Student: 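This is the structure I want to talk about, given as structure tokens.
Just so it is clear, the model here is predicted, and its values are computed rather than measured. First the proteins, then the strands, lettered A, B, ... as listed; each starts at 1. Atoms considered below: every heavy atom in the structure, side chains included; atoms not considered: hydrogens, waters and symmetry mates.
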Amino acid sequence: MSEVLILNGSGRGKKSTSAGLGIYLVNLLKEENIDANMLTIRNHLNSKEKTKIMIDAISVAAHIIIIAPLYDDCQPYNVVKAQEIIAESRISSYGDYTYVANRSSLIILRHFESAGDTYVPGNVLAQSTKLSTASGITITDATLTVDMWHHSLCSYEFYLSADGGNHWEAVDPNVLHAFSNTGEDLRWRVFLTGLRDRSDHIHSVTINYNYDTIPVVSEYSFLIISSGYTILFIIISVAALSVFKKKKKSLKNRLV
Amino acid sequence: MSVVILNGSLKSGNQHLLYQNIIEKELTSKGISCESIILNKTDLKSCIGCFKCWDTTPGICSGVKGDSGTEIIRKVIHSDLIVFLTPLTFGGFSSELKKVIERFLPLLQAGVVLIKGESHHKKRYDRYPSILAIATTEEVDDEGVEIFKHLMHRLSLNFYPPKYVAEVFSLTEKEKAVEEKLKQFLAILEVVK
């Protein structure tokens, strides 16, 4: 997924001034750690397969930038054609947190975003179901890492719970957190606060956790998105990885 | 006098045959020759912005090969009136119509001339055809109409039509009313044999 997709609408394609400007912008955005790519519209109008590639790229991009010359005081043919394709494809759903996910792998296949000015400002909660499936364990600490895009005017607060959500403890990403309230039911949640025209995007969350009894199994778990009416967020996956620490030695001894 | 109708309908949409037929019938009744070109049925390719029609083969498009572009442009510049038929597309022309308009570039010269403080490309020919631009839409809204008329105003600055008329029709408009309006426009444009 491109955070920013640049559409080059010039009839000259890669030789155009628009392409030059687009490349400059892509590099500029990448310097700011913003994922950006450029497509030349002209190259995607010749076949259904190529057009579909363009539609898919538009569908998942958070922002679209169209760069094109003025031909006859308006957008050139390539851009008009792209506009018609976008309208026909009904890409924009105005569903800020609408997504299509593969439930078996928890990979987002496609998500829809509003045009950029229709986010509902305020606070939104995303929360997981139980991640740890083993019973009889006591989860003592965990480290949450997150792959996300953050806007300086937005804010986020991550929480972990080891006791099924009875007690939520604020955590900082990439920092080991020792639970005050231990338990066997690990969950996470995040509050995202955004504005009408911008939002943080969460692409994935990974949690490494330690426990003090023998684990039974560790597996992927589904998410429940519990949100009201606020900003866009995209939750892709949670991989709960067990780390044997405290009981590693005893496990080894027993197997021997 | 001759008229060329450039029908910019999309393959998947309204074909504007009502408008095309009314204009053809009116012109025929006056003994004026008329040719209609349904653009989505031609092999017309888009302008690639190579400017060979300015600097290599002035007046002739030699950058795009193997299509009917040059033939259509020749008919346009030899006509007295061109009629645009298009679905209103984001306030402007359809891609089919926009494609052919961009191919008009050889009709101008690379050099520029100041017109009311704006630079515009010089004429290549002494005379250019007038333009009747008809857009259709399911729901007419003021903003769309304003954009379309402004766009046509800009086009009139670029392509030097002696006269032009631009109008947006609702697709729900009755045939009789459409016919009356089109006749009025042809009269304004002084379409007479």
Student: Identify the heavy atoms of P76(A) and E102(B) that sit nearest to each other, and give their distance.
Tutor: CA-OE2, 3.0 Å
Student: For the CZ atom of F93(B) and the CG atom of D72(A), what is their distance to the nearest 0.5 Å?
Tutor: 8.0 Å
Student: How many angstroms lie between atom CG of L151(B) and atom CG of D73(A), to the nearest 0.5 angstrom?
Tutor: 8.0 Å
Student: Quick one: OH on Y71(A) to CG on L105(B), what's the gap to the nearest 0.5 Å?
Tutor: 8.5 Å
Student: Rounded to the nearest 0.5 Å, what's the gap from CD on Q75(A) to OG1 on T89(B)? Could you check?
Tutor: 9.5 Å
Student: Any chance CZ of R127(B) has more than 12 other-residue heavy atoms, nucleotides or ligands included, within less than 6.0 Å?
Tutor: yes
Student: Counting only non-hydrogen atoms closer than 4.5 Å, can you tell me which residues of residues 35-55 of chain B sit against chain A?
Tutor: S46(B), C47(B), I48(B), G49(B), C50(B), F51(B)
Student: Would you name the heavy atoms of S95(B) and K81(A) that are closest together and state the gap between them?
Tutor: OG-CD, 3.6 Å
Student: Should the heavy atoms of other residues, nucleotides or ligands under 6.0 Å from NE2 of H78(B) be counted, would the total exceed 12?
Tutor: no
Student: Need one label for L10(B): side chain, backbone, both or neither, based on atoms under 4.5 Å from any heavy atom in chain A.
Tutor: side chain
Student: Hey, could you give me the CG/NZ distance between N78(A) and K99(B), rounded to the nearest 0.5 Å?
Tutor: 10.0 Å
Student: Scan H150(B), K98(B), R154(B) and name whichever one has a side-chain contact (heavy atoms from CB on, under 4.5 Å) with C74(A).
Tutor: K98(B)
Student: Does F90(B) offer a backbone N or O that forms a donor-acceptor pair with the side chain of Q83(A) under 3.5 Å?
Tutor: no
Student: Counting neighbours of CD on E173(B) that are heavy atoms of other residues, nucleotides or ligands and sit closer than 6.0 Å, is the number greater than 12?
Tutor: yes
